[in-house]
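Data block below; observations after.
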Amino acid sequence: MHQIVFVGSDDEVDELELDESPVDSFPCMSTQQFHREARAQLYSLVTGMFLDDAAQLEEVFRPLTDDGPYIYKLNPDLQEKMSRLEDDDIGELAEQWLLCEDLETLDLEVSDLHEFMYQFVHFCYTAERGDELAVFIYSDG
């Protein structure tokens, strides 16, 4: 399943059509191998929430059809918390995240997590500093 993280406004994202890709209109990054369940473990570490609750922090913003693709919007409180992470926090979280169950099955190095997290935090920071911007995830499945 292909997933893309991008930054945009609700209005701009609402205008996306089924045959359009966010890559053509928004700053984007790939989620790489970090699927939704793995990201929920990161969200749990950041917020201190139980994993089931953290999994709900990517909220369905808009399905493009009943069967997908789907656009999810990152919870605003999580977005703010992510945007405030400092470099040292990111390093510590990456090491903790690597120990989580869903990540143990992936062939990863701490540096892979650092790279993804730095980009993700930067997207959250950009959204927080922008005028009515948010972080979205486009998922084709």
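Everything quoted here is computed from the prediction, not taken from an experiment.
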Task: Nearest atoms (heavy-atom pairs only) where S9 meets L133 - done: N-CD2, 3.7 Å
Open item on the list: I need the minimum non-hydrogen distance between C100 and L45, along with the two atoms involved.
Closed with: SG-CD1, 4.2 Å
pair [X]-[Y]: side-chain heavy atoms closer than 4.5 Å:
X    : Y    : value
S139 : Y72  : yes
L42  : M82  : yes
F116 : M29  : yes
F136 : P22  : no
I90  : Y118 : yes
V5   : F120 : yes
L74  : F61  : no
L85  : Y125 : no

Nearest 0.5 Å, what's the [atom1]-[atom2] distance between [X] and [Y]?
X    : Y    : atom1 : atom2 : value
H122 : S83  : NE2   : OG    : 12.0 Å
L51  : E37  : CG    : CD    : 9.0 Å
D11  : E132 : CG    : CD    : 7.5 Å
S21  : F6   : OG    : CZ    : 9.0 Å

Open item on the list: Would you say the ring centers of Y43 and W97 fall short of 6.0 Å from each other?
Closed with: no
- [ ] Would you please test S44 and Q41 for side chain to side chain donor-acceptor pair (under 3.5 Å) and show each step?
- [x] CA-CA 5 Å; S44 178; Q41 290 180 330; over 6 Å; no
Once salt bridge (Lys or Arg N to Asp or Glu O under 4.0 Å) is applied, do any residues pair with [X], and if so which ones, sequence neighbours excluded?
X   : result
E80 : R84
D10 : K73
E58 : R36, R39

